[in-house]
Amino acid sequence: MRKQIRKTLALASAAAMTAISCASVTSPAAAESSSAGTTQFPFVIEGENMEGVTKTWTDVHGTKIPDYSGDGFFYLENSGASFEVTVPADGMYTLSIRGAQILNEEGRFQTVKVNGIEYSKTIPYSKEWKDFDFGTIRLKKGVNEIEFISKYGYLAIDTVTVSSKEFPDVAAQADSVPCDPKATPEAKALMKYLHSVYGKHIISGQQEIYGNGHQVSTSIRYDAQKDICVDENGVEYTIDRDSADKDEGGNVFYWHCTGPDGKVYDYSTQNRNYTYQYYDYEFDWIYDLSGAYPAIRGFDFMNYNPLYGWEDGTTQRVIEWVKERGGIATACWHINIPTDFAGYTPGEPVDWSGATYKVNHEFKIANAVKAGTKENEYLDMAIEDLAEQFLILQEAGVPLLFRPFHEAEGNPSTTSDPIDGSGAWFWWSQDGAEDYKALWRYLYDKLTNEYGLHNLIWENNLYSWSDSSAAWYPGDDCVDIVGWDKYDTQYNRHDGLTSGPNEDCNSPVYWSLYDYVDGKKMAAITENSTIPSLSNLTVEKATWLYFCTWYDNGASDASFVMGENFNNPDTMKEIYQSDYCITLDELPKDLYGTGGSEPSTEGTTGSQVTPDYGDSNTDGKINLADAVLIMQVKANPTKYTLSEQGEKNADCSDVGDGVTNKDALAIQKYLLGLVEKLPE
């Protein structure tokens with residue numbers, strides 16, 4: 001409730017300020033040029049004109065690289081070179097060079113520092129000048145130093161270009177329907193909703209602990225003389241008589257009892273009392289902090305497996321989260337294989353201590369997708385166990401963001417082959433990109449076509465997203481969302497800070513993902529330690545679909561939620577309470593009830609679709625963003641545009657006179673209750 005009141009006040013205030021600006025809107029370019037001392041962009045500097053250059057090169061030790069511009073070029077050998085640019089406010093820019101690299105045919109790593117923060121790229125072998133993009137960089141208000149350092153070196157630089165970052169409409173390019181053509185109505189509805197908020201909001205998420213949950217000790221004990229389970233307040237608990245057992249002394253006890261509220265308690269042999277599984281540990285803490293629960297809950301189906309498999313209640317908790325609490329569910333699959341695979345007989349039980357999801361080269365990935373092999377026999381049994389649970393979800397009308405074989409690429413390769421899997425820490429990617437992609441597609445085919453599972457939205461998560469990451473991508477036809485796991489240290493950041501949790505939103509990574517999939521797939525932070533701050537998200541404009549913080553395990557180096565070395569409570573509270581972040585209470589009440597409808601009316605021509613007056617950005621809602629978009633279009637039409645349907649919707653004041661700033665003002669009046677309906 002407090003958040004809704006705050007949002008209403010913020011809306012009224014913002015609308016009033018926007019109305020004032022309607023009469024005179026200054027374009028970003030004009031504002032930039034009016035600032036004294038501000039660098040004009042795009043800014044281009046000759047390599048030989050950078051600070052620190054002591055020699056203008058015209059050849060590299062006798063090897064000509066013809067057609068350079070200016071008097072020559074700079075050759076990054078033993079010492080670096082730098083230059084400065086001045087900007088009016090914190091913002092995002094792109095950095096590229098016209099360069100050549102004639103030393104290493106396999107490519108050579110190169111590094112540039114921006115205000116002391118390193119950005120790196122592998123420059124391929126080239127005997128002629130080519131353009132190489134160092135990606136999106138963050139510049140601070142005022143003077144900024146950009147320095148090419150001799151960390152690896154031997155790079156010829158003809159020119160360097162810094163440009164203002166142009167941000168595309170990410171939702172306009174991203175898929176809004178699942179890759180599975182037979183997707184269930186619920187999966188279609190979820191995908192449609194995700195697409196409707198993509199680029200406009202970030203959805204909050206939290207991973208629950210798997211297995212037995214957080215164990216909380218109680219005062220409940222078994223009184224053998226009275227044959228009852230009772231706590232310190234004299235409250236009795238119903239004994240599960242079928243769970244009877246004896247300790248080493250021959251004393252009878254019961255593994256389970258149930259409280260008056262239906263909660264099940266488990267016996268602890270260590271303390272001879274009862275404990276309970278607290279899966280909402282992080283969720284309740286977040287609610288107490290911010291007044292809201294995360295919208296997305298993360299699960300793990302690792303314990304449904306052919307080895308030590310056991311029912312840990314994950315499937316039922318997914319159903320409860322989606323059906324009873326109205327949330328969104330995502331799940332990974334830390335699928336285990338036998339540690340001693342060579343000595344393993346398919347079908348025989350293996351204790352959990354004899355299982356692993358880490359690298360194990362006894363298990364050949366190429367064999368896993370080849371019928372008649374032991375690896376394939378095991379994998380098929382594991383998929384069958386998983387499919388059994390997913391079918392329960394499908395029958396319950398529950399869609400799932402499914403993230404199998406995650407963090408595939410792992411760290412960058414440790415060899416000269418960038419896609420050989422040598423940087424992997426999970427078995428499913430240990431044998432390289434080609435085997436990984438075959439494994440992904442095998443799982444997709446088995447679940448979708450053999451088991452008839454169509455309630456899944458497929459998330460591909462490669463972790464490192466290096467220059468070679470695109471080689472690991474399984475393909476548009478079997479992926480819906482791409483993801484990155486944000487476990488960066490306080491030193492790997494771009495916001496200019498050098499201490500405290502890394503609240504960077506990692507714009508370079510976001511736009512790398514965007515480029516790898518040509519903008520066709522929505523991009524999410526599928527796991528994270530530190531949540532990006534609202535200010536960094538605002539400045540860097542990395543429009544992640546959602547974040548999902550990993551759970552706490554009690555250790556100081558893994559208390560991702562409550563440990564202040566990972567998340568500052570004030571920053572977490574700010575993002576959860578912001579208009580930009582979507583929480584559980586803000587999800588649509590009928591989130592899964594409209595899956596049969598088409599995902600969008602954008603692109604419909606002629607008079608086939610009645611205008612939804614006021615909805616200029618065609619996201620199905622009328623809010624301040626629609627008014628802002630109209631003003632942006634009028635102020636800077638080369639940068640901002642409306643879709644054909646958006647133009648029809650935007651013309652909501654004096655219909656027929658085209659899109660004007662009066663339409664933006666009409667939307668604001670409507671939001672403030674000054675007019676009852678649109679068009680005005």
Side-chain angles (χ1 to χ4, degrees), residues 92 136 166-179 183 187-205 294-296 327-330 399-403 457-461 476 479-484 486 505-507 509-526 528 531-532 534 537-538 540-548 575 578-584 586-588 591-592 594-595 597-603 615-626 628-629 632 640-643 645-646:
M92 305 308 293
T136 303
E166 295 292 331
F167 293 98
D169 181 352
V170 294
Q173 296 174 266
D175 291 342
S176 61
V177 295
C179 62
K188 289 180 180 179
L190 177 55
M191 189 73 174
K192 178 181 178 181
Y193 171 73
L194 296 175
H195 184 265
S196 74
V197 301
Y198 185 49
K200 306 175 186 72
H201 298 277
I202 192 168
I203 307 174
S204 57
I296 295 176
I328 298 170
T330 183
L400 182 70
L401 303 179
F402 180 42
R403 186 169 60 100
I457 291 174
W458 292 75
E459 294 184 303
N460 184 234
N461 171 215
D476 290 344
V479 174
D480 292 306
I481 296 170
V482 291
W484 174 65
K486 181 183 182 295
C505 69
N506 301 85
S507 188
V509 175
Y510 177 84
W511 293 109
S512 292
L513 266 72
Y514 180 89
D515 290 340
Y516 289 141
V517 294
D518 295 323
K520 296 177 183 177
K521 306 296 177 180
M522 294 180 283
I525 301 176
T526 44
N528 61 272
I531 300 170
L534 182 62
L537 286 166
T538 302
E540 296 196 19
K541 297 180 175 62
T543 52
W544 297 106
L545 175 63
Y546 72 84
F547 64 82
C548 191
I575 186 71
S578 71
D579 296 336
Y580 187 64
C581 181
I582 295 173
T583 52
L584 180 64
E586 295 173 317
L587 292 176
L591 177 57
Y592 303 108
T594 56
S597 62
E598 291 299 318
S600 175
T601 57
E602 272 197 67
D615 184 17
S616 66
N617 60 14
T618 65
D619 67 350
K621 296 173 289 187
I622 301 173
N623 53 34
L624 190 59
D626 296 300
V628 171
L629 178 58
Q632 289 173 325
Y640 299 98
T641 59
L642 292 165
S643 67
Q645 184 63 43

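Position 1 is the first residue of the sequence, and the numbers go up from there.
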Closest non-hydrogen atom pair between [X] and [Y], with its separation:
{"X": "Cys581", "Y": "Ile575", "answer": "CB-O, 2.8 Å"}
{"X": "Met191", "Y": "Met522", "answer": "CE-CE, 3.8 Å"}
{"X": "Val479", "Y": "Lys521", "answer": "O-NZ, 2.7 Å"}
{"X": "Ala524", "Y": "Trp544", "answer": "C-CE3, 3.5 Å"}
{"X": "Ser204", "Y": "Ile582", "answer": "OG-O, 2.8 Å"}
{"X": "Thr641", "Y": "Leu629", "answer": "O-CD1, 4.3 Å"}

Is the shortest side-chain heavy-atom distance between [X] and [Y] below 4.5 Å?
{"X": "Pro532", "Y": "Ile525", "value": "yes"}
{"X": "Leu194", "Y": "Tyr546", "value": "no"}
{"X": "Lys486", "Y": "Val509", "value": "no"}
{"X": "Pro399", "Y": "Ile457", "value": "no"}
{"X": "Tyr514", "Y": "Pro168", "value": "yes"}
{"X": "Thr538", "Y": "Tyr580", "value": "no"}

Check for a donor-acceptor pair, side chain of Asn460 on one end and backbone N or O of Val482 on the other, with a separation under 3.5 Å.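 Such a contact is absent between Asn460 side chain and Val482 backbone.
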Determine yes or no for a side-chain-to-main-chain donor-acceptor pair under 3.5 angstrom, with Tyr198 supplying the side chain and Ala172 the backbone.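 Flag not set: sc Tyr198 to bb Ala172 has no pair under 3.5 Å.
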[X] side, atom [atom1]; [Y] side, atom [atom2] - distance, nearest 0.5 Å:
{"X": "Asn617", "Y": "Asp626", "atom1": "CG", "atom2": "CG", "answer": "4.0 Å"}
{"X": "Leu587", "Y": "Ile203", "atom1": "CG", "atom2": "CD1", "answer": "7.0 Å"}
{"X": "Leu537", "Y": "Asn506", "atom1": "CG", "atom2": "CG", "answer": "10.0 Å"}
{"X": "Ile481", "Y": "Leu513", "atom1": "CD1", "atom2": "CG", "answer": "12.0 Å"}
{"X": "Ile328", "Y": "Cys548", "atom1": "CD1", "atom2": "SG", "answer": "11.0 Å"}
{"X": "Leu545", "Y": "His195", "atom1": "CG", "atom2": "NE2", "answer": "10.5 Å"}

With Lys520 as reference, evaluate Asp175, Asp515, Asp476, Asp480 under the salt bridge (Lys or Arg N to Asp or Glu O under 4.0 Å) test and give the passing residue.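 Of all the options given, the one that passes is Asp476.
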With sequence neighbours excluded, tell me which residues meet side-chain contact (heavy atoms from CB on, under 4.5 Å) with Thr136.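 In terms of side-chain contact (heavy atoms from CB on, under 4.5 Å), with neighbours along the sequence ignored, Thr136 is linked to Met92, Lys165, Ser507, Trp511.
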Under a 3.5 Å threshold, yes or no: a donor from one side chain and an acceptor from the other, between Thr526 and Glu459?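 No - no donor-acceptor pair under 3.5 Å links their side chains.
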Distance alone, cut at 3.5 Å: any donor-acceptor contact between the side chains of Tyr510 and Thr543?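 Thr543 and Tyr510 do have a side-chain donor-acceptor pair below 3.5 Å.
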